[in-house]
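Report on the following structure.
A note on names: the letters A, B, ... follow the listed sequences, proteins ahead of strands, and every chain is numbered from 1. Keep in mind that this is a model prediction, so the values were computed, not measured.
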2 protein chains.
Amino acid sequence: MDAFGSYLRERREARRASDRSYSLRQLATRVGIEPSYLSRIERGAESPPSEATIRRLAAELEEDEDVLLALAGKVSSDLQDAIRRRPALFAQLIRQLAELPDHAVLRLVREVRDGDW
Amino acid sequence: MDAFGSYLRERREARRASDRSYSLRQLATRVGIEPSYLSRIERGAESPPSEATIRRLAAELEEDEDVLLALAGKVSSDLQDAIRRRPALFAQLIRQLAELPDHAVLRLVREVRDGDW
DNA sequence: CCATGTGTGTAGTGTTGACTGCACACTCTA
DNA sequence: TAGAGTGTGCAGTCAACACTACACACATGG
C-alpha cells in the first residue's frame, strides 16, 4: 500500500543501473534532504515528503511531477489554485469527468487543445 | 484580505436578520465548535477551520461548499481524489482550462452534461 | 434588577508534517 | 586492510493545524 515509496525506490534503482550517482545518499544530497529521511520514505516507513521536495525528486529522476504527486496523495498546488479561482465551475466539471472513462477525457483534452475555444 | 471570515460573518448576519437562531453562539453549537473559535474565525484572527467544519458551516448557512472551501483556500477532497486517480490527464486539462474565460469552461460543462460522452 | 444571551480575550492542548543529525553495520575496491 | 561509500535505526526538533476551556464585559428584555 505504499505506492510512493516503492515506486521511488524502483525508479532510482533503475537509474542507478546505468548511472552510479543514483545511490540513495547522493540523490538525497542533490535533492537537499538527509539520506536517512529518503531511506525511510522509500521504504514507506515515513509518509511522502512535501510538494517542493517531490518536485525536486521528480526533476532529478525525470519523472512526471503530477504523477509522483498523485502517488504521494497530493495535487499540485497550481492546479488547486486554478480550481479555487472558479470553484463552482471546476467542481461541477471535475465531478462530471470523474465518471467518464479515460478515452472520453482524453478526447476532451484534445478538443480543447486544438479547438476554437 | 480575510475573505473567508468576513464572508462567513456577513452570511450569518444576513440569516440572523430573519432567524434569531443564527447568533454566533448558537451556530457554533450546532456546528459543533466553540463559540470563541468561530468568533476568531469570523474576524480573521484565526485561519479557516478544517474541511469537515467548513462543510457543516456551509450546510447550516445553505452556502455552496465548494465556494466556501475556495474562500478558505482549500479544494474539496473528493475533487482531489478524482484528480489523483488520473493525474496526467486531469493536470493537462485543468492547466488548459485555467487560461480560458468562464464562458468557455461553462460551455464545456454543458457539452459534457448533455453530450454523448 | 438579574438572568439569560451575546460576542470576545487569553491560555492551553494533542496531533501531524517535514524534517535534521548522528551513529551503526555492511560492502567494495585500491 | 584501511578507507570510502552504502543503506538504515533511533532520537529529537520546530512549526502549524485544529481545536477546547474558561473568564470577561456588555445588552436587553421579562
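- Of the residues B:Leu38, B:Leu24, B:Leu27, the one that meets the side chain to side chain contact (heavy atoms under 4.5 Å, CB included) test with B:Leu8 is B:Leu38.
- Less than 4.0 Å separates DNA chain D from at least one heavy atom of each of the following residues of residues 50-68 of chain B: B:Ser50, B:Thr53.
- Distance CD/A:Gln96 to CZ/B:Arg110: 11.0 Å, rounded to 0.5 Å.
- Residues satisfying the side-chain contact (heavy atoms from CB on, under 4.5 Å) test with B:Arg86, not counting sequence neighbours, are A:Asp102, A:Val105, B:Leu89, B:Phe90.
- In terms of the side-chain contact (heavy atoms from CB on, under 4.5 Å) criterion, A:Ser47 has no residue partners (sequence neighbours excluded).
- Between the CD atom of A:Glu46 and the P atom of D:dA11 there is a distance of 15 Å, rounded to whole Å.
- In the 5' to 3' direction, nucleotides of DNA chain C lying under 4.0 Å from heavy atoms of chain A begin and end at C:dA18 to C:dC22.
- Remark: A:Arg95 CZ to B:Leu79 CG distance equals 4.5 Å, nearest 0.5 Å.
- In this structure, the side chains of B:Val75 and A:Val75 stay at 4.5 Å or more apart for every pair of heavy atoms.
- Connection of A:Leu97 to A:Val67 is not established within any shared hydrophobic cluster, with ILVMFWY side chains joined at heavy-atom distances below 4.5 Å, either directly or through further cluster members.
- One interatomic measurement links the two molecules: CD of A:Glu13 to C1' of D:dT6, which rounds to 12 Å at whole-angstrom precision.
- For DNA chain C, the neighbouring residues in residues 22-40 of chain B, judged by any heavy atom under 4.0 Å, are B:Ser23, B:Leu24, B:Arg25, B:Gln26, B:Pro35, B:Ser36, B:Ser39, B:Arg40.
- Each of B:Arg55, B:Arg30, B:Arg15 was compared with B:Glu60 under the salt bridge (charged side-chain N to carboxylate O under 4.0 Å, His left out) criterion, and only B:Arg30 meets it.
- Among residues two or more places apart in sequence or in another chain, the side-chain contact (heavy atoms from CB on, under 4.5 Å) test is passed with B:Arg43 by B:Arg9, B:Ser39, B:Arg40.
- Nearest heavy-atom pair, B:Phe4 versus B:Ile41, reported as atom, atom and distance to 0.1 Å: CE2-CG2, 3.8 Å.
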